[in-house]
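Here the structure is a predicted model, which means the values were calculated and not measured. Protein chains get the first letters and strands the later ones, always in sequence-line order, with residue 1 at the start of each. These values consider heavy atoms only, across backbone and side chains, with no hydrogens, waters or symmetry-generated copies.
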Amino acid sequence: MNVLDDVKDAVVSGNVEKTLAGINTAIAAGIVPGEIIRMGLITAMEVVGDRFKNGEIYVPEMLIAARAMKAGLNILKPLMVGTEDKSLATVVIGTVKGDLHDIGKNLVSIMMEGAGCKVIDLGVDIAPEAFVEAVGVHHPDFLAMSALLTTTMPMMKQTIAALEKSGKRGGVQVLVGGAPIGQKFADEIGADGYAGNAAEAVDKIKVIIQRAN
Amino acid sequence: MNGLERIRKVLKGEKPDRVPVFPLVHFGASHAAGYKIREFSTVPEINARCLVHAYRECGYDGVQPSIAVMVEGEAVGSRVEYPEDNVPFVKEIFLKTPSVDLLTMPEPQTRSPMSLVIQSTRLCAAEIGTEAYIVPSIMGPLNSAGQIRGVENLMIDFYDRPDFVRELLDFTTEMGIRYGKALLDAGAHGIFIGEAMCSPSFISPAFYRQFVLPQQKRLIGALLEYGAESTILHICANTTPIMRPYAVETGTTIVDLDWQVNVAETLNSAEMREAKTLVRGNLDPATELLRGTPQDVMDASRKLIESVGKNTRFILGSGCAVNPDSVPANCRAMVEAAERYGRF
């Protein structure tokens, strides 16, 4: 079996040891780090995303796969040179002000990283001004917001308003998600996209990028 | 017929005058009585006053003394933050090291914030306990564990250290039994058990069955044996794939279904009919109850009541927790719908 398939399978099953062993074998065989990431790690996370969407795996399985992927990235990233290190998109992500729920946001963050995005995770309880500031600093292609409470979902609208007021709304696509959020709400507050789960969030980004190209 | 009689009727399988209405209102009761969520969450007299006020304003059939999902976590030592007007949450988990030996079993009567909910339950029971069904909330074994260990840690613990997860769930189940008994002693008619993380949105049906179901059985069995008239078990999100263990095997009297589940189909399944489990459900608390008008809520409630037919095992509920902006008008609309369209 191809060594990159071994890496992929190890990540999918969340086995850190086998992931690292596979990566070392691949490096020794002269495969460039970018290729190992694309064919080993990113394809693995695509499988994970599909299985999650289909209800074949759940949050614990996704988290251990992500842990294996991250362990792999930690070895490979420093080995990458020059133009090899090109990300799919830059994403600023966070849970809105007043809301401390982070697991959904973390899963989205993981899947986006797994799809080859550069992700700046601001954390939880993020005020509109903090989102705006991060957009100013990182110039992301996407701003992703999470809210798990009906009492905090209005903060999404306020964050979009703050972006508009700052003149930074135009350059960034706003994505929203979280248990009480739906497409209708996303449309009402003027978001560019809604995703029902972490795998869908990646699909959404890919669709928007394709449309833009 | 008052709310207490109405719910006791359906618990006995008898016909009440109309479909009972019992939305999940806890912090949702704060604003209508003129209080912020922090006051509701920290002062037992205000907690009870808000619940009784919302009950009277809306006319539904019971109250649920509670603060939020963090009660058990704070009781064992997780650090909780109380925003002025938002739901309190665990800011720092207690169990950073995966060892159950670090935990001390809290004494509910004296340990805050359990003692606060017990006191609020006592006050509600004294004021409306002969007319309304009083069902304070406790957290289920897995939810409590999440508030002590952290949800993400716990999810990974399932793979890295399953024995620790079992021990932690043993602890949280025992804690739930003690806390639930103290609430029953304070005058509660039944106990509501919140389990956000058991649905397939989080863990597999296999993990649910293997790790959590035996503990929920033990918790529910102990509370019913102690004299609870009922238990209401609430698992968030789409629980259809685990409906049999959840609604039948746990032995719960009532399941409280979130808005993603089809209530009529669930209620009419052969095994649910055989188990005689009651179903409370299931408007959409965000789309319908928060952002809809009273007319929207009436329409949605009517649709739900009609989909179920005249079934004595049905209680009209709110799916999940009600937002303060839905009280009183939209919760009152649920009651109006039951009066108009839910007469037996």
Side-chain angles (χ1 to χ4, degrees), chain A residues 13-16 51-68 70 95-107 109-110 123-125 127 147-157 176-189 196-198, chain B residues 27-28 30-31 37 68-70 80-81 83-92 146 150-160 162 165 196-197 199-208 211 236-238 241 258-260 284-287 289-291 318-326:
Chain A
S13 61
N15 190 322
V16 174
R51 289 190 184 171
F52 184 75
K53 264 188 292 190
N54 296 336
E56 295 163 36
I57 63 166
Y58 304 85
V59 175
E61 293 76 21
M62 214 165 168
L63 288 173
I64 59 167
R67 181 170 62 179
K70 282 188 172 170
T95 303
V96 299
K97 189 174 163 61
D99 203 322
L100 264 278
H101 291 87
D102 65 353
I103 196 158
K105 182 265 298 165
N106 291 351
L107 290 173
S109 181
I110 285 162
V124 296
D125 192 20
L148 261 289
L149 300 168
T150 59
T151 51
T152 55
M153 51 197 277
M155 292 312 297
M156 292 180 160
K157 191 176 179 181
V176 294
I181 313 297
Q183 184 65 54
K184 200 167 155 235
F185 178 73
D187 293 342
E188 278 172 21
I189 63 168
N197 61 52
Chain B
F27 67 90
S30 55
H31 291 183
I37 297 176
V69 297
M70 36 39 81
V80 167
E81 194 166 305
E84 190 189 4
D85 200 26
N86 216 322
V87 186
F89 51 81
V90 168
K91 183 88 177 173
E92 196 183 339
V151 175
E152 201 164 317
N153 291 336
L154 191 58
M155 293 288 121
I156 289 182
D157 289 334
F158 273 115
Y159 277 96
D160 286 1
V165 175
M197 295 190 294
S199 81
S201 297
F202 271 99
I203 61 169
S204 64
F207 273 6
Y208 172 61
F211 288 92
C236 293
N238 182 9
D258 212 339
W259 62 272
Q260 295 94 332
D284 179 339
T287 311
L289 277 166
L290 175 59
R291 295 188 299 115
S318 56
C320 206
V322 166
N323 183 285
D325 289 346
S326 311

Practice problem: Select one option (side chain, backbone, both, neither) describing which atoms of D99(A) are under 4.5 Å from chain B's heavy atoms. | Solution: neither

Quiz item: Is there side-chain contact between H101(A) and F89(B), with heavy atoms separated by less than 4.5 Å?
Solution: no

Exercise. Please state whether the side chain, the backbone, both or neither of D160(B) comes within less than 4.5 Å of a heavy atom of chain A.
Key: side chain

Quiz item: Just wondering, do R291(B) and E188(A) contact through their side chains at under 4.5 Å, heavy atoms?
Solution: yes

Quiz item: Heavy-atom distance under 4.5 Å to chain A: side chain of P324(B), backbone, both or neither?
Solution: side chain

Quiz item: So, for N86(B) and G98(A), which heavy atoms are closest and what is the spacing to 0.1 Å?
Solution: ND2-O, 3.9 Å

Exercise. Kindly give the heavy-atom pair with the smallest separation between V90(B) and L100(A), and that separation in Å.
Key: O-CD1, 4.4 Å

Quiz item: What are the two closest non-hydrogen atoms of F202(B) and P60(A), and how far apart are they?
Solution: O-CD, 3.2 Å

Self-check item: Engaged part of P200(B) at the chain A interface, taking heavy atoms whose separation is under 4.5 Å
Solution: both

Quiz item: ring-ring contact (aromatic ring centres under 6.0 Å, His included) with F211(B): which residues, sequence neighbours excluded?
Solution: F158(B), F207(B)

Quiz item: For atom NZ of K53(A), is the number of surrounding heavy atoms from other residues, nucleotides or ligands below 6.0 Å larger than 12?
Solution: yes

Quiz item: In terms of heavy-atom proximity below 4.5 Å to chain A, should L290(B) be classed as side chain, backbone, both, or neither?
Solution: side chain

Practice problem: Would you give the length of the straight line joining atom OH of Y58(A) to atom OG of S199(B), rounded to the nearest 0.5 angstrom? | Solution: 10.0 Å

Self-check item: M153(A) portion near chain B, given a 4.5 angstrom heavy-atom threshold
Solution: side chain

Quiz item: So, for I103(A) and E152(B), which heavy atoms are closest and what is the spacing to 0.1 Å?
Solution: CD1-CA, 4.0 Å

Quiz item: Where on S326(B) is there a heavy atom nearer than 4.5 Å to chain A: the side chain, the backbone, both, or neither?
Solution: neither

Quiz prompt | Point-to-point distance, once rounded to the nearest 0.5 Å, from OG1 of T151(A) to CZ of F27(B) | solution = 5.5 Å

Quiz item: Can you tell me how far the CD1 atom of I57(A) sits from the CD1 atom of I203(B), to the nearest 0.5 Å?
Solution: 14.5 Å

